[in-house]
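First comes the structure, then the notes that go with it.
In what follows, residues are counted from 1 in the order of the sequence shown.
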Amino acid sequence: MIGFVLVGVLALTLGGCACVLWAERGGPRWARAVAATTLAAGELLRVVQRDRRRRLRRGDDNSSGDTC
């Protein structure tokens, strides 16, 4: 089951990257829309990851189970 999910995520990622390249070369409107969505999702993941790293560096994350 998890394999199907991973293959689906991989297919969406590759399709998004292909649309970014196609839109850069003047592709159809739908390809530009998919490219914009792909780039926005990438930027969102980058921001979330950066914030997570900052929290972990400062020690704000209580994922170790401490309740103090």
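- Considering CZ of Arg53 and CZ of Arg50, their distance stands at 8.5 Å, rounded to 0.5 Å.
- Contact detail for Gly27 and Arg32: the closest heavy-atom pair is O-NH1, 2.5 Å.
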TODO: Report the C-alpha separation of Gln49 and Arg46 in whole Å, then their side-chain angles, then the decisive distance to 0.1 Å, and conclude whether the side-chain contact (heavy atoms from CB on, under 4.5 Å) test is met.
DONE: CA-CA 5 Å; Gln49 188 68 14; Arg46 220 171 296 138; 5.9 Å; no
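- Cluster partners of Leu6 are Ile2, counting Ile, Leu, Val, Met, Phe, Trp and Tyr whose side-chain heavy atoms approach within less than 4.5 Å, directly or via other members.
- Minimum interatomic distance between Ala35 and Cys19 (heavy atoms only, all atoms of both residues): CB-O, 3.7 Å.
- The neighbour count for Arg29 CZ, taken as heavy atoms of other residues, nucleotides or ligands under 6.0 Å away, does not exceed 12.
- Summarising the geometry, atom CG belonging to Leu21 is positioned 6.0 Å from atom CZ belonging to Arg25; distances are rounded to the nearest 0.5 Å.
- Residue Leu39 forms a side-chain contact (heavy atoms from CB on, under 4.5 Å) with just one option from Leu44, Val20, Val34, and that option is Val20.
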